[in-house]
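Written out below as structure tokens is the structure these notes cover.
First listed ligand is number 1; within each ligand, the first listed atom is number 1. One is the number of the first residue; the rest follow in order along the sequence.
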Amino acid sequence: MIAIRNRWWNSMQFAECVMQRYATKKFDTKKIPEKKVEELLDLVRYAPSALNLQPWKIKVVTDQKVKEELFAVSNNQEQITTCSHLLVFCADADYASLVKKLGALMKKNHVPDEVIGKVTGMASMFAGSMTKEQQAAWSQAQTYLALGNALNGAKSLGFDSCPMGGFDPKGYSRILDIPAHLTPVMLCPIGYAADKPAPKIRYDREDIVF
Ligand SMILES: Cc1cc2nc3c(=O)[nH]c(=O)nc-3n(C[C@H](O)[C@H](O)[C@H](O)COP(=O)(O)O)c2cc1C
């Protein structure tokens, strides 16, 4: 973890990662070492979330046959079959379980019972005040933050990625046998790019500030 921390402490390097990351359209088929993938998943783990509920789960797909099956429900986008690892970011909307799990994690981390009670009480109340649709949207919004860490994190670890929303979530749930409380939200294929980045087209700072 120290190595990861040191890397992120250097803001110049972070800026470079942000500037150099791009939505890779094709990867070469070279495999990313598992250790690097684990480091990336650690960066994902450290994403912020409301009340620290961490309402996401990531399915990591490496089997080529499975990737080929997924290709058909991903608008036939080549990233799926050429990537090294396909990360399927799923939003978890089972708030009863999320709150219980967070309470247990806090306990394990020696957080005083009084604090655990306050946090889990607040989380239960907040989640309980939402409709199922609102809960799903809340989880999905936070899953995007975890995805952001994966995209920039991949670049920082020396490989490439693509954020992908062009896929059929139901098809993914079926093929990957994803439990009902998890919704596939975004794909993040990772690997070594076999294409070149297109020029960055972005609005000026003045255009995004008002
Ligand atoms: C929510 C979302 C969905 C996207 N879906 C796809 C996709 O299905 N396929 C793809 O090639 N790129 C996809 N992209 C990538 C964008 O097209 C890309 O980020 C944008 O054009 C800017 O280019 P850059 O990321 O290379 O800077 C998606 C990006 C986001 C944030």
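A donor-acceptor contact shorter than 3.5 Å links the side chain of D92 to the backbone of D94.
A 4.5 Å side-chain heavy-atom check between L87 and K59 finds every atom pair outside the cut-off. Put simply, the side chain of Y95 reaches to within 4.5 Å of the side chain of W138, judged on heavy atoms. Using a 4.5 Å heavy-atom threshold, the side chains of L105 and K101 count as separate. Contact annotation: the side chain of Q13 never approaches that of S156 to less than 4.5 Å [non-hydrogen atoms, C-beta and beyond].
The presence of a protein heavy atom under 4.0 Å from atom 20 (C) of ligand 1 is ruled out.
Nearest to atom 3 (C) of ligand 1 among the protein's heavy atoms is G165 N, 3.4 Å. Protein heavy atom nearest atom 18 (C) of ligand 1, with residue, atom name and distance: A23 CB, 3.9 Å. At the top of the distance list for atom 8 (O) of ligand 1, counting protein heavy atoms only, stands G166 N, 3.0 Å. Nearest protein heavy-atom neighbour of atom 22 (C) of ligand 1: R202 NH1, 3.7 Å. Looking only at protein heavy atoms, the nearest one to atom 2 (C) of ligand 1 is M186 CE, 3.4 Å.
In the vicinity of Y22, heavy-atom distances shorter than 4.0 Å reach the ligand 1 atoms 26 (O). Shown in contact with C162 at under 4.0 Å from a heavy atom are these atoms of ligand 1, numbered in order with element: 10 (C), 11 (O), 12 (N).
Crowding of K170 atom NZ: a count of heavy atoms from other residues, nucleotides or ligands under 6.0 Å not exceeding 12. Heavy-atom contacts from other residues, nucleotides or ligands closer than 6.0 Å to CD of Q64 number more than 12.
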Distance-only donor-acceptor pairs under 3.5 Å for side chains of residues 176-204, two or more places apart:
unit_1 : atom_1 : unit_2 : atom_2 : d
D195   : OD1    : Y22    : OH     : 2.5
D195   : OD2    : K25    : N      : 2.8
K200   : NZ     : R21    : O      : 2.8

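Looking at ligand 1, you'll find an N or O of P163 within less than 3.5 Å of one of its N or O atoms.
In the candidate list K26, Q79, Q77, M164, Q77 is nearest to atom 9 (N) of ligand 1, counting heavy atoms. With K25, K200, R21 as candidates, the residue nearest to atom 17 (O) of ligand 1 on a non-hydrogen basis is K25.
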